[in-house]
Every structure is written in C-alpha cells, then in structure tokens.
Amino acid sequence: MPLALYNTLTRRKESFVPIDPADVRMYVCGPTVYDRAHIGNARPVVVFDVLYRLLKRLYPRVVYVRNITDVDDKITARAAAGGRSIDAITGETIRFFHEDVETLNALSPDVEPRATLHIAEMIRMIERLMEQGHAYGAAGHVLFSVASAPDYGVLSGRSREEMIAGARVEVAPYKQDPADFVLWKPSPPDLPGWDSPWGRGRPGWHIECSAMAHLYLGNSFDIHGGGQDLIFPHHENERAQSVCTHGGPFVRYWLHNGWLMVEGEKMSKSLGNVITVRQLLEQGVAGETIRLVLLATHYHQPLDWTEAGVRQAKGTLDRFYTALRAVADVPAQAVEATEVMGALCDDLNTPRALAALHETATALNKAVHRNDKARLKGELLDGTAVLGLLAQTPEAWFRGGTDSTAIEILIARRTAAREGRDFAEADRIRDALRQKGIILEDSATGTLWRRT
RNA sequence: GGCCGGGUGGCAGAGUGGUGAUGCAGAGGACUGCAAAUCCUUGGACGUCGGUUCAAUUCCGGCCCCGGCCUCCA
C-alpha cells in the first residue's frame, strides 16, 4: 500500500519513496531530560511510534533513532536549583521517561543516543564546518555562518531578512551576521564542559542532532520528525549544519506534529496547566487512554487536551474491549485491516483509522456466524495493533488491579436472589457494587462485571 | 510587525466540486424482572462577505476570529 506523508519542506503531501527500501531510516527529536514528560512530550512519542509501526509493516527493515538531550542549560539550572548533580537529574529523568513511554505502549527506538556520549562526533563536525568556511570562531564561541548556507530558510519558509527584521532577541556582538548561531560555547568551571580545540566548552543545541543522525543514519536519510515548534530554529539550523558538512541532501521528508493545548489554553508553566503523564496515571487514567486521546486528532492539527476528551477515549476503548470480550472464545483470523492501513498510509490519518475500527467493532457486535466473528476479530486486532492499541486482554482492561473474590461472592448472592425472584435484594447488591465502581452486566450465560 | 496553520452539527473529529464520515451526547424502539451491554431508527454542520462554476462546506480573494513560530519550548 503506497504511503503518503505531508512534507514540511515542500508543504505538500507527497508519496513516500525511501532512499533504500531495504533500509528505511527515521530520526525523531527526543526529550531534554530535566523534568517528567508532559502530554506535549508524549504526543510526538505516540505519533511517531505509529509511523514506526506502520513503516515496519511496509518495509523489511526500519531504523528509528530518537535522541536524548542530556546537556542543556535547563538541566544545569535544575541541578543548581535543587542542589543535585546533573547526572543524578538526567539519569532519573531518563528512567522516568522510559517508564512513562512504556505505559503509552510506545515501542523502543532502535537507537536512543545521548548527547553527552557523542561530544567527539560533534567536535569533528564543527571542525569540518570550519574547514569548509561554514563556521568561525569568535570570543571563545564557534558560530555557524548562515550566509554560507545556500538555501537557508527553505524548511521554515522564511528569508534571512525576515528573521533579522523580526528578531526580538539582542544580537550578540561577536556574531558576523545577526542570524548566525552557536555551534560551541565556552563553559566556566562550574558548568558542564568538555575539552575541545576551542577550549573547555559545551555544544550548541542543534549540533547534537546533526552529529548523531549522521552517525546512526548516514549523510542522508528518509524521515525526520518532531514538534512543530522545532521547525525554527532547531530543524532549520540542524539542516543547514548537516547539508553544509556533507554536501548533498540531508532529510527527504520532514514531519511535524501540531501543538497541544489544555482546555482551550496554551499549555505552559506560567499558566500552571502543564499535565504530566505521571499525573494522569496517578489520577487513574490508563496509559492506553492517554495514547488514544493523542491519536484521536490528526497529528498535524492542534490538539486540545480536555477532560471530556479523556472520557471519550476511555469510552471508545471500553467499546472496543467489549466487542473483543464477547468473542473471547473465537480465535482471531489473520487478516489485514485494509481500511485502517489505507487511512494511516494517507498521511497517518488516525481519526479515519479509528472511524474504520468503530465500524469493524459494530460489525463484530452484530456478527452471528463464527467465521464472520473470527474474521472481524482479526481485523479489529490487526487495525488496533498498528495503532498500538488493544494491547491487553479485555479481562485486564476491565478488571485489572481489582480484587475479584469479594465481587464474585456478591454476584453469586445476587444470582441466587434473582433465581428466587427477590429482585429487591438483587438490585440492592447491584447498587452497592455500583457505589464501588463495579458495573454488572447480566447475560444469558451469566453475569459479567467490570470497573467503571 | 513578519511568517505559518486553522475555523465543520450539543461535543470530539475526518472528508469531499454534485448522493451530508465516525464516535459520544439527545430522541424513539428491540432485548432485559429492572438495568448494563448490544442492535435498529432518528434530528442536527460546514466563521463571514464576495468571485469562479450548471453546481461550493469543498477552488479563488477580502474580512473577522483562534492558535503557533520569529535563536535554544515537543
């Protein structure tokens, strides 16, 4: 099935043609590890996880690299404020990040390189840029010369003049050109630093991605992803560095996910409405529910995170798991969810894929013949698998973490009451369980229960 | 100020030059002791003003509103 992706570089949806179909390569900007992952961090993780799963179905080999930025002024500031070492903070935050990402059912990337372990590669790249006249030293810094990059600005769609005219930040006096940016900056003894030809210092923000992408994916690769806010300056600068270092094309398809809002407002520290994955989990929102909320809006659109949206995602998963539970005794047939694949191959249209899954669920609920059930069950499971959903059993989804013994005893008592036509007692037991968040469902074959 | 994206029914959210996705919520019905779940039926939309067209929610332009970026925020 042909895949089409919206390419930020051309501002068009294009058919995806890999450089080497036997070795598809993707790089996604990962977290800066100084704090717990919030839902804005979770969005690209989940979105590009779906793309990764899709690519793995379409191509025999996919290499997915997602970096970890573990040197950054925000980390340094956090360390200074909390009186903790940088290593303690980054180590803990990486552990937390992995925990959170696992609850979101995101697959691990093939490579997850840390910036601090690739300083040598960065230095080498900066040296090459200097040799080629794309970079210069000034006041202990090394700066990238934007004027030397022929097509600088094509990714973000802005001219150098516009950027300089619109700049709100004072231009450092040592820059030859106001648009030039830092490749390497000096570090005083109290800040993290590495020895380099330009003295003890630390890398600028963009060079780590250029260096690590080059190391693991080569001069040029297929897909580069990240949040929309990274288009400028991060990806524009990263692209300029890489193109100037290696000559030819860098990335074929640039993909950017939209911004996330909370209850209609921008999510920001100043508004105090930042929601972390951890907070949601502690409130009892399942990781799978979080994942579905993030996939219920097309990745390119802004996503408004709301309580209502969380409830709706939970309801959708209840519906899917209910359909699955009803056919627990029917083995799934191995079929491809072609509607879902078609939707995802159309620029990762997850809402359309979910609509198709709803229709499959309805058909499954209606099916009477065993072979229809087997086929539709297979279709539902295949489609949700690409989306990374329905990864658990209905049993675990509906009852996970609940002590069932007491509930089973009450259900047995209620069944006895019903058999004796004592509906007042039966309803009393049902209401008592409902108070505890347990919903009963009577059927011809017995009484089922689930948590709300 | 410059650049970019968006405005779809009560809500969420796709899509399309001409038969109005999908889900939730609402209404009615089937099933049930009553529920729950499930199934069936059903009302309801394309910010605004113009233009192109036989025909526009869909293409073009103006306007209004919302969001984002503009040197280190995913």
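This one's a predicted model, so the numbers in the text were calculated from it and none came from an experiment. Chain letters run A, B, ... following the sequence lines, proteins first and then strands; every chain starts at 1.
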Footprint string (nucleotides 31-40 of chain B, 5' to 3'): B base within contact, S backbone only, - free, heavy atoms under 4.0 Å = --BBBBSSSS

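Residues meeting the side chain to side chain donor-acceptor pair (under 3.5 Å) test with His134(A), sequence neighbours left out: Ser148(A). Under the side chain to side chain donor-acceptor pair (under 3.5 Å) criterion, Thr10(A) pairs with Glu14(A), sequence neighbours left out. Applying the side chain to side chain donor-acceptor pair (under 3.5 Å) criterion to Asn41(A), with sequence neighbours excluded, gives His38(A). In this structure Glu379(A) satisfies the side chain to side chain donor-acceptor pair (under 3.5 Å) test together with Thr360(A), sequence neighbours excluded. Under the salt bridge (Lys or Arg N to Asp or Glu O under 4.0 Å) criterion, Lys266(A) pairs with no residue at all, not counting sequence neighbours.
The nucleotide whose nearest atom lies closest to any side-chain atom of Met261(A) is, among G67(B), G23(B), A74(B), G67(B).
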Intermediate values then yes/no, side-chain contact (heavy atoms from CB on, under 4.5 Å), Phe144(A) and Leu129(A) = CA-CA 8 Å; Phe144(A) 183 85; Leu129(A) 285 167; 4.0 Å; yes

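We find that the ring of Trp259(A) and the base of A74(B) stack, their centres lying under 5.5 angstrom apart and their planes tilted less than 30°.
Sorted by residue number, the members of residues 292-302 of chain A with any non-hydrogen atom under 4.0 Å from RNA chain B read Ala296(A), Thr297(A), His298(A), Gln301(A). Of the residues in residues 375-388 of chain A, not one places a heavy atom less than 4.0 Å from an atom of RNA chain B.
Using the six-membered ring where Trp is involved, His256(A) and Trp254(A) have ring planes that are parallel, under 30° apart on the 30 and 60° scheme. The aromatic rings of Tyr174(A) and His141(A) sit parallel, their planes meeting at an angle under 30°, below the 60° perpendicular limit.
Counting only residues at least two apart or on different chains, the salt bridge (charged side-chain N to carboxylate O under 4.0 Å, His left out) pairs with a member in residues 200-212 of chain A are Asp73(A)-Arg202(A). Contacts classified as salt bridge (charged side-chain N to carboxylate O under 4.0 Å, His left out) and involving residues 308-319 of chain A (residues at least two apart or in different chains) are given here: Lys314(A)-Asp318(A). The salt bridge (charged side-chain N to carboxylate O under 4.0 Å, His left out) pairs that include a residue from residues 441-452 of chain A are Arg325(A)-Glu441(A), Arg414(A)-Asp442(A), Arg418(A)-Asp442(A), Glu441(A)-Arg450(A), where partners are two or more places apart or lie in different chains.
Tyr34(A) and Asp70(A) are not linked by any side-chain donor-acceptor pair at a separation below 3.5 angstrom, with hydrogens and angles left out of the test.
The residue among Ala356(A) and His38(A) whose nearest nucleotide of RNA chain B lies closer to the 5′ end is Ala356(A).
Here Asn237(A) does not reach the OP1 or OP2 of C72(B): none of its side-chain N or O atoms lies under 4.0 Å away. One finds no side-chain N or O of Lys266(A) lying less than 4.0 angstrom from the OP1 or OP2 phosphate oxygen of G67(B).
Stem regions for RNA chain B, each three or more consecutive Watson-Crick or G-U pairs with both distances under 3.5 Å and listed by first number, read B:1-7 with B:64-70, B:10-12 with B:22-24, B:26-30 with B:38-42, B:47-51 with B:59-63.
Side-chain atoms of Asp372(A) do not come within 3.5 Å of backbone N or O of Ala367(A) as any donor-acceptor pair.
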